[in-house]
Number of protein chains: 2
Amino acid sequence: MAKYLDSRRRHPLLSHMTNNLDTFFGAMSDPTRRAVIERLVSGPAAVSELHAPHDIALPTFMRHLMVLEESGLVRSEKKGRVRTVHIEAAPLAAAESWLQKQRAMWEGRLDRLSLLAESIAKAEKG
Amino acid sequence: MAKYLDSRRRHPLLSHMTNNLDTFFGAMSDPTRRAVIERLVSGPAAVSELHAPHDIALPTFMRHLMVLEESGLVRSEKKGRVRTVHIEAAPLAAAESWLQKQRAMWEGRLDRLSLLAESIAKAEKG
DNA sequence: AAATAAGTTAGCTATATGGCTAAGTATCTT
DNA sequence: AAGATACTTAGCCATATAGCTAACTTATTT
């Protein structure tokens, strides 16, 4: 049995990415893995199907899947000789909300700065 | 002069993250670098100031800044002996929109996922 | 029962990444 | 002019990452 690709009993869904933006971003930093995610948003797929479009050896590809699964982005279960992989939406949402927060803060600062700029401009006029 | 930390004449700005989600996610996968970003959203800062809270050697820290700058997330300019670093918002927005797109595609359940993202954001605040 | 399909495990290689120290350069400050 | 500041460069080390081949284990098919 796949030592890594077995997600029963692990990660209660959210525990993973609340703190682990590390593993999330790490997982997403590889083009192959991002492609897998892009494929999986449109539905679950077997390992071999996911592998097909990528010109790398199967074991290499499997390791990418491991990374995705360990980061909580994906889950899989095996039935017969076929392992089916599906996406886990929560981490995507979590990362998005982190980015949103940062952007909001940045924009908030801009607003304050533009107000400051305005008041300075007025003061200079007067 | 800093061979890498010199962003005059470079600024990929937009060209960078349209294709290069790679470098973006790679840059964000390190906790030190994410901390720098979190610090920078509230305004520009000198290298030494950014370095202070991190318990790593300055040269090591500088390399993190390089990575951030090469990924387009950050820019810097030197005046006298002080190098000031500021955030570049576009890449954050680009990554966010990529995530949004994936999320939206995921089984087309945009509304449910937005709610999820919100609840995660709230949980993180609390 | 034999062959094929779909993973899985083991083990090797090369490059990237993150951390360090030591020493150098270019500004201020005194 | 001397010393302190604020990086910058160079170079070394350990671990992680991404890729490969070869061989193995279960299912399914034939």
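Note that these values count all heavy atoms, side chains included, but never hydrogens, waters or copies made by symmetry. All chains are named by letter (A, B, ...) in the order of the sequence lines, taking the proteins before the strands, and each is independently numbered beginning at 1.
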Problem set entry | D/dT26 OP1/OP2 closer than 4.0 Å to side-chain N/O of A/K78 | no
Problem set entry | Contacts of A/R63 that satisfy side-chain hydrogen bond (donor to acceptor under 3.5 Å, both in side chains) - sequence neighbours left out | none
Exercise. In whole Å, what is the span from the CE atom of B/M62 to the C1' atom of C/dT21?
Worked result: 16 Å
Exercise. Between the side-chain atoms of A/R81 and the base atoms of D/dT26, is any donor-acceptor pair under 3.5 Å?
Worked result: no
Seminar exercise, completed: Residue pairs meeting salt bridge (Lys or Arg N to Asp or Glu O under 4.0 Å), one or both in residues 50-62 of chain B, sequence neighbours left out, come to none
Exercise. Strictly by modelled atom types, are A/E69 and A/S76 linked by a side-chain donor-acceptor pair under 3.5 Å?
Worked result: yes
For this session: Report the residues that fulfil side-chain contact (heavy atoms from CB on, under 4.5 Å) with B/S48, sequence neighbours left out, ordered by chain and then residue number.
Result: B/A46
Exercise. Roughly how many Å is it from CZ in A/F25 to P in C/dT17, rounded to a whole number?
Worked result: 17 Å
Exercise. Taking for each residue the nucleotide of DNA chain D bearing the nearest heavy atom, is the 5' side occupied by A/G80 or by B/S48?
Worked result: B/S48
For this session: With sequence neighbours excluded, give me every salt bridge (Lys or Arg N to Asp or Glu O under 4.0 Å) pair touching residues 90-101 of chain B.
Result: A/R103-B/E96
Problem set entry | Under 4.0 Å protein heavy-atom contacts per nucleotide of nucleotides 15-21 of chain D, with B for base, S for backbone only and - for none | ---BBBB
For this session: Would you kindly give the NE2-to-P distance between B/H51 and D/dT5, to the nearest whole Å?
Result: 15 Å
For this session: Quick one: list whatever passes ring pair (Phe, Tyr, Trp, His ring centres under 6.0 Å) with A/H54, sequence neighbours left out.
Result: A/F61
Exercise. What integer distance in Å separates B/R83:CZ from C/dT25:P?
Worked result: 18 Å
